[in-house]
Amino acid sequence: MSSKQQRAARIGDALLRFPDGAKATQADFGARRTVVFIHGFTADASYMTDLMHQFDGAGFSAFAFEYACYRGIDHAADSLVSLLRLLDGNGDISKDRIVLVGHSMGGLVARAAVALANGGSLVRKVITIGTPNDGTLQGSFLPRAMAYWGEAIGGADPRGFSPQGDSARQLVKADPAPTLLDRLHTTSAPAGIDFYSISGGYGKLDFGQSYWKNLLINNYLQRRLGTPNDGLVSETSSDLSRPVFATSAPNCTHQNGYVDYPHANHSFLINNQAVALTAVSFAQ
């Protein structure tokens, strides 16, 4: 795993202030509207920098949730809500309520935070970007492919992410029944929370420097993912507005109509300015 993931594992999860990366304090909340960004499996908080920059420029206070991403989606959700409540000593978070923006597995953490971790009273909007809301491909190789992807985009060590880890098992619905994703689907969203999902449509990713490694992994994934997809997550799984999610994300709006959709893959969704500005507009 990456050095930042190793650090998160040792010292515990943290809410980091943008742009200086300092740990958030109670005094950081209340002056501006708040957005918390949640990275995905094998990534870290720095991967969300472009998005945070756009939100900061639009008048939001941006924070990144740095967490040990392999310990379980539900564990991460509990940790996030716990930190938010501890930082809500002045009541500024619960009074104004925040926006959660999650990329990939981070979107599942956001959804679990409001639906399963009793964080609904702190949140007014949830935005998921390239999130496998209906899970991703089953089988032990998929978490390994995601780890290789993490190595390519952020320096993660694939050997640090076991297919038997809690998050990996939850992503492929291999955790004990009822699976975490099943619980998310069947749990009613707290009242007063708006949902917005964004997807990408370019089905190839970089998994390292090797041509053959990229070719083999991409071919493996494309034979199994539905079309269109963003290279790791199918459109049907990213689209949180589908009827199957109506209980857990009622009246969700889905966005795949931006100009760069056919060229945006899982890696670069959160670096695409149109995606960022669309998310900013919804968060207002």
Side-chain angles (χ1 to χ4, degrees), residues 13 36-43 65 67-84 97-138 142-143 146 165-199 225-226 229-230 232-255 266 269 279 282:
D13 303 338
V36 173
F37 295 83
I38 311 170
H39 64 77
F41 188 59
T42 76
F65 179 46
Y67 66 104
C69 63
Y70 58 89
R71 286 178 172 160
I73 294 165
D74 47 351
H75 180 278
D78 288 338
S79 178
L80 173 60
V81 172
S82 175
L83 286 172
L84 289 171
R97 301 168 68 202
I98 66 173
V99 177
L100 297 179
V101 179
H103 174 245
S104 193
M105 190 186 83
L108 296 176
V109 174
R111 292 180 57 207
V114 300
L116 305 179
N118 298 315
S121 63
L122 303 174
V123 178
R124 62 184 181 88
K125 294 186 178 184
V126 171
I127 300 173
T128 65
I129 302 175
T131 292
N133 292 295
D134 201 24
T136 189
L137 295 175
Q138 296 188 12
L142 195 281
M146 295 182 76
D166 288 345
S167 295
R169 288 166 59 82
Q170 290 167 347
L171 283 168
V172 299
K173 297 183 179 179
D175 50 320
T179 68
L180 179 123
L181 291 178
D182 286 340
R183 287 188 286 138
L184 273 181
H185 294 351
T186 57
T187 302
S188 297
I193 298 178
D194 297 324
F195 294 86
Y196 192 74
S197 60
I198 307 173
S199 59
L225 285 168
N229 63 75
D230 67 7
L232 276 180
V233 182
S234 68
E235 175 69 21
T236 55
S237 193
S238 290
D239 183 358
L240 196 55
S241 70
R242 292 173 55 223
V244 68
F245 304 121
T247 297
S248 58
N251 303 312
C252 176
T253 299
H254 182 64
Q255 174 60 265
H266 196 77
L269 263 173
F282 178 77

Taking side chain as C-beta onward, heavy atoms only, is Phe195 less than 4.5 Å from Ile193? yes
Hey, are the side chains of Val36 and Val99 touching, using non-hydrogen atoms and a 4.5 Å cut-off? no
Measure the shortest side-chain to side-chain distance between Ile127 and Ile129 over non-hydrogen atoms and say whether it is less than 4.5 angstrom. yes
Should Ile98 and Leu84 be marked as a side chain to side chain contact (heavy atoms under 4.5 Å, CB included) after you check the CA-CA gap, both sets of side-chain angles, and the distance that decides it? CA-CA 10 Å; Ile98 66 173; Leu84 289 171; 3.7 Å; yes
Evaluate the side-chain proximity of Tyr70 to Thr42: yes if any heavy-atom separation is below 4.5 Å, no if none is. no
If you look at every heavy atom in Ser237 and Val233, which pair is closest and at what distance? CB-CG1, 3.9 Å
The criterion is side chain to side chain donor-acceptor pair (under 3.5 Å); which residues satisfy it with Thr236, sequence neighbours excluded? Ser234
Closest heavy-atom pair, Arg97 versus Ala191, reported as atoms and distance to 0.1 Å, is NH2-O, 4.2 Å
What residues, two or more places apart in sequence or in another chain, satisfy side chain to side chain contact (heavy atoms under 4.5 Å, CB included) together with Asp239? Ser197, Glu235, Ser241, Arg242, His254
Results of side chain to side chain contact (heavy atoms under 4.5 Å, CB included) for Ala112 - residues two or more places apart only: Ile73, Ala77, Leu116, Leu184
Mind listing the closest non-hydrogen atom pair of Ala117 and Val81 along with its distance? O-CG1, 3.6 Å
Shortest non-hydrogen pair, Met105 vs Phe41, comes out as CB-N, 3.8 Å
What pairs with His75 under ring-ring contact (aromatic ring centres under 6.0 Å, His included), at least two apart in sequence or on another chain? none
Looking at residues at least two apart in the chain, or sitting in another chain, which of them share a side chain to side chain contact (heavy atoms under 4.5 Å, CB included) with Ala110? Ile38, Leu100, Val126
Do any pairs count as a ring-ring contact (aromatic ring centres under 6.0 Å, His included) and have a residue in residues 105-125, sequence neighbours left out, and if so which ones? none
Restricting to side chain to side chain donor-acceptor pair (under 3.5 Å), what partner residues turn up for Thr253, sequence neighbours left out? none
With sequence neighbours left out, which residue pairs that include part of residues 109-127 fulfil the salt bridge (Lys or Arg N to Asp or Glu O under 4.0 Å) condition? none
Tell me whether Asn133 contacts the main-chain N or O of Ser238 through its side chain, where contact means a donor paired with an acceptor under 3.5 Å. yes
Checking Ser167 side chain against Gly72 main chain: does a donor-acceptor pair fall under 3.5 Å? yes
Which one of Leu180, Leu108, Asp166 satisfies the side-chain contact (heavy atoms from CB on, under 4.5 Å) criterion with Leu171? Leu108
Quick one: does Ser104's side chain get under 4.5 Å of His39's, heavy atoms only? no
Show your working on side chain to side chain contact (heavy atoms under 4.5 Å, CB included) between Thr187 and Ser248 and close with a plain yes or no. CA-CA 6 Å; Thr187 302; Ser248 58; 5.8 Å; no
Smallest heavy-atom separation, His266 atom then Gly130 atom, equals CE1-O, 3.0 Å
Looking at residues at least two apart in the chain, or sitting in another chain, which of them share a side chain to side chain donor-acceptor pair (under 3.5 Å) with Asp182? Thr179
Can you name the side chain to side chain contact (heavy atoms under 4.5 Å, CB included) partners of Thr186, sequence neighbours left out? none
Got Phe245 and Pro250 here, is their nearest side-chain heavy-atom distance under 4.5 Å? no
Ala68 backbone acceptor or donor facing Asp13 side chain under 3.5 Å: yes
Got a sec, which residues hit salt bridge (Lys or Arg N to Asp or Glu O under 4.0 Å) with Asp134, two or more places apart in sequence or on another chain? Lys173
Partner residues of Phe65 under the ring-ring contact (aromatic ring centres under 6.0 Å, His included) criterion, sequence neighbours left out: Tyr67
